[in-house]
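Step one of this worksheet: look at the structure below.
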There are 2 protein chains.
Amino acid sequence: MTLQRQSGVALWRQIADEIRGGIGNGLTDKMGRLPSEAELARRFDVNRHTVRAALAALARERVVEARRGQGTFALKKNRIAYPIGRRTRFSAAMRDNSATGRSEVISSTKETADAPTRTVLRLEPGAIVLRLETLSMVDGEPFSFSTHWFEAGRFEALPEIVRQTGSITAGLKACGVDDYLRQETRVDARHARDAEIERLRLAPGAILLVTGVVNCDLSGVPIQRSRSCFAADRATLIVDHLDSAGS
Amino acid sequence: MTLQRQSGVALWRQIADEIRGGIGNGLTDKMGRLPSEAELARRFDVNRHTVRAALAALARERVVEARRGQGTFALKKNRIAYPIGRRTRFSAAMRDNSATGRSEVISSTKETADAPTRTVLRLEPGAIVLRLETLSMVDGEPFSFSTHWFEAGRFEALPEIVRQTGSITAGLKACGVDDYLRQETRVDARHARDAEIERLRLAPGAILLVTGVVNCDLSGVPIQRSRSCFAADRATLIVDHLDSAGS
DNA sequence: TCTAGTTGTCTATATTATTAGACAAATGGA
DNA sequence: TCCATTTGTCTAATAATATAGACAACTAGA
């Protein structure tokens with residue numbers, strides 16, 4: 001294990017990231033026990049105190065738990081598999097992870113559409129859009145934070161339905177959209193910003209997977225633009241190309 | 001702008017990441033000029049020297065260039081759009097970015113298949129696989145680093161063809177695979193490791209988009225497993241669900 | 001009960017990151 | 001030419017990070 005010194009990222013944070021990634025990938029024994037602090041210090045070639053700083057950070061994140069005299073143990077956490085396909089529905093995807101798929105509405109506002117939203121939804125300059133922010137929870141922890149944009153006039157009633165049902169699919173149905181398909185999904189990755197760290201309860205410096213989605217009705221008219229942020233260490237996005245051919 | 005203090009990530013690195021992300025997103029003026037160091041220090045609420053450390057890092061990455069008396073300017077760099085679909089071919093995708101899509105072979109070895117490779121390629125324990133490592137360049141810079149696994153017996157001749165043509169598609173064709181489709185793509189994101197930082201010439205602490213791919217022949221038999229790493233600030237992955245329905 | 005191995009806590013010191021201030025050097029426009 | 005604005009380069013002090021060593025507290029097994 002070689003670490004980057006003078007990189008602007010503290011050694012203890014690099015070590016914490018390595019250990020977090022190593023859990024469930026051969027670092028722990030069958031009992032979920034990590035190598036001892038002394039052993040980790042040897043492997044990373046740092047002082048034991050530096051390893052302790054990394055483990056303390058992981059303990060704050062509830063990723064590991066130290067037991068005096070016994071060792072440090074990984075707390076099991078299942079990584080969420082999140083499918084990306086033509087017919088991806090959040091609630092159905094979450095049921096496959098034996099988790100409840102409910103989207104809580106954080107805010108619902110109207111605003112003039114910015115350039116990317118106008119392009120995607122094919123709107124005139126100055127058009128008003130509905131902006132909906134939602135947070136989804138899995139196992140009582142925040143899983144994804146999303147911002148959705150809809151044409152304002154057509155989807156007046158949508159926020160209230162989403163608030164009641166926790167489902168955007170239900171909200172769209174109430175506004176006359178019986179079915180819809182994904183046109184495109186963009187995937188980026190970057191460091192989490194302040195607001196996202198707070199909302200998703202992440203560790204500082206956490207990495208986000210950011211997806212940008214365009215949903216169209218069956219006649220191909222774009223009706224929804226969404227941007228979702230997932231904690232990269234909690235989620236794996238899965239594109240199933242066979243499924244996306246349609247069902 | 002609020003930064004995370006005592007997070008294990010130095011302020012100058014957080015600022016560098018913010019500025020890198022802000023370029024091409026309204027931070028610079030029409031001439032590509034960034035706000036002055038004093039102005040940035042005010043916005044981030046840090047000392048000017050801290051901003052200078054961030055700008056120095058970006059200058060080392062060739063993202064910006066400072067001119068005494070004039071200001072600091074962004075050096076334009078186009079983000080590569082990399083499509084993910086049933087029929088994604090690297091070389092074709094790169095031509096759409098007006099770049100040459102050539103994969104250089106870094107290494108070609110035989111090894112006993114590990115568990116994930118065995119599962120994906122449906123092999124017996126102890127089976128031998130061909131492991132091919134390739135690096136792709138765009139605009140003279142490393143763009144992606146990939147590791148591919150093939151069943152050893154069937155693809156004996158593949159590495160030599162890839163070495164000559166720079167194309168895996170050509171290598172597969174030489175081994176009797178006229179056409180193939182992606183079965184599945186997994187997408188993860190994480191910090192770059194040491195070897196990846198070196199091979200892709202990244203800044204320390206850079207973020208990687210990691211894709212895992214399974215390719216099948218037309219009868220659905222898996223023939224190739226690949227894992228590719230992209231620098232997250234150079235690439236956007238694009239899943240086109242309409243295209244992936246087949247052509 | 002003893003012992004080896006583990007985490008927890010303390011002191012001390014060196015290195016790096018950040019802040020603070022001052023001034024030099026270059027640019028462009030009035 | 002003068003002036004305001006910009007980046008470049010010093011010095012110095014403070015805070016955060018990393019290393020080093022010693023020992024206490026606890027656990028499990030011999």
Side-chain angles (χ1 to χ4, degrees), chain A residues 1-19 27-60 62-75 203-205, chain B residues 1-19 27-60 62-75 203-205:
Chain A
M1 272 310 129
T2 314
L3 302 175
Q4 304 289 326
R5 286 171 190 258
Q6 298 170 10
S7 67
V9 182
L11 294 181
W12 64 264
R13 172 144 293 284
Q14 296 181 54
I15 293 168
D17 292 342
E18 277 294 326
I19 292 175
L27 181 65
T28 59
D29 67 10
K30 292 160 206 161
M31 301 300 294
R33 193 171 89 147
L34 275 68
S36 73
E37 295 172 351
E39 168 62 20
L40 288 170
R42 213 167 12 250
R43 287 196 203 175
F44 289 110
D45 196 23
V46 296
N47 192 274
R48 183 178 149 229
H49 292 293
T50 309
V51 169
R52 282 180 61 73
L55 291 174
L58 292 173
R60 281 196 299 274
R62 307 281 169 90
V63 173
V64 302
E65 182 187 57
R67 296 176 205 153
R68 181 185 290 201
Q70 295 184 265
T72 304
F73 296 80
L75 300 175
Chain B
M1 272 309 132
T2 315
L3 302 174
Q4 305 288 327
R5 284 169 191 260
Q6 300 171 18
S7 66
V9 182
L11 294 181
W12 64 263
R13 173 143 290 284
Q14 297 181 55
I15 292 169
D17 292 341
E18 277 294 326
I19 293 176
L27 182 65
T28 60
D29 67 11
K30 292 160 206 163
M31 301 300 293
R33 195 171 87 146
L34 274 70
S36 73
E37 295 172 352
E39 168 62 20
L40 288 169
R42 215 169 9 253
R43 286 195 203 176
F44 288 111
D45 196 22
V46 297
N47 191 273
R48 184 179 149 229
H49 291 293
T50 309
V51 169
R52 282 181 59 74
L55 290 174
L58 292 173
R60 280 195 300 273
R62 307 283 170 88
V63 173
V64 303
E65 181 187 59
R67 297 177 204 152
R68 181 187 289 203
Q70 296 183 262
T72 304
F73 296 80
L75 300 176

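Order of the sequence lines fixes the chain letters, A, B, ..., with proteins taken first and strands second; residue numbering starts at 1 for each chain. Computed from heavy atoms alone, side chains included, the values below leave out hydrogens, waters and symmetry copies.
Nearest-nucleotide positions on DNA chain C for Leu34(A) and Ala10(B) put Leu34(A) closer to the 5' end.
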Is there any protein nitrogen or oxygen under 3.5 Å from a nitrogen or oxygen in nucleotides 28-30 of chain C, and what are the pairs?
residue	atom	partner	partner atom	Å
dG28(C)	OP1	Gln70(B)	NE2	3.4

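Considering all non-hydrogen atoms of both residues, Leu75(B) and Glu65(B) come closest at CD2-CB, 4.0 Å. When all heavy atoms are compared, the tightest approach of Phe73(B) to Met31(B) is CD2-O, 3.8 Å. Minimum interatomic distance between Pro35(A) and Arg43(A) (heavy atoms only, all atoms of both residues): CG-NH2, 3.6 Å.
The nearest whole Å value for the distance from the CD atom in Glu37(B) to the P atom in dG8(D) is 6 Å. For the pair Arg13(A) CZ and dA17(C) P, the interatomic distance rounds to 16 Å; values are reported in whole Å. Between the P atom of dT19(D) and the CZ atom of Phe44(A) lies a distance of 13 Å, rounded to the nearest Å. Rounding to whole angstrom units, CZ of residue Arg68(B) and P of dT5(D) are separated by 19 Å. Spacing between atom CZ of Arg48(B) and atom C1' of dC10(D) amounts to 12 Å, rounded to whole angstrom units. Atom-to-atom, CG of Leu40(A) to C1' of dT7(C) comes out at 13 Å; the value is rounded to the nearest Å. Distance Gln14(B) CD to dA17(C) P: 13 Å, rounded to the nearest Å. Arg33(A) places its CZ atom 6 Å from the P atom of dT6(C), with the value rounded to the nearest Å.
Considering only side-chain atoms of Arg52(B), the nucleotide from dT9(D), dT19(D), dT7(C) that sits closest is dT9(D). Here the nucleotide nearest the side chain of Asn47(B), chosen from dT19(D), dT9(D), dT19(C), is dT19(C). Taking the side chain of Trp12(A) as heavy atoms from C-beta on, and the options dA18(D), dT6(C), dC10(C), the nearest nucleotide is dA18(D). For Thr50(B), the listed nucleotide lying nearest its side chain is dT19(C); candidates were dT19(C), dT19(D), dA26(C).
Contact of the Gln14(B) side chain with the Ser7(B) side chain is registered, since non-hydrogen atoms from C-beta on lie closer than 4.5 Å.
The residue from Val46(B), Leu58(B), Leu55(B), Leu40(B) that alone fulfils the side-chain contact (heavy atoms from CB on, under 4.5 Å) condition with Ile15(B) is Val46(B).
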Intermediate values then yes/no, side-chain contact (heavy atoms from CB on, under 4.5 Å), Arg52(A) and Trp12(A): CA-CA 8 Å; Arg52(A) 282 180 61 73; Trp12(A) 64 264; over 6 Å; no
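Put simply, the side chain of His49(A) and the base of dG8(C) share no donor and acceptor less than 3.5 Å apart.
The phosphate of dT7(C) (OP1 or OP2) has a side-chain N or O of Thr72(A) nearer than 4.0 angstrom.
If you take CZ on Arg33(A) and CZ on Arg67(A), they are separated by 10.5 Å, rounding to the nearest 0.5 Å.
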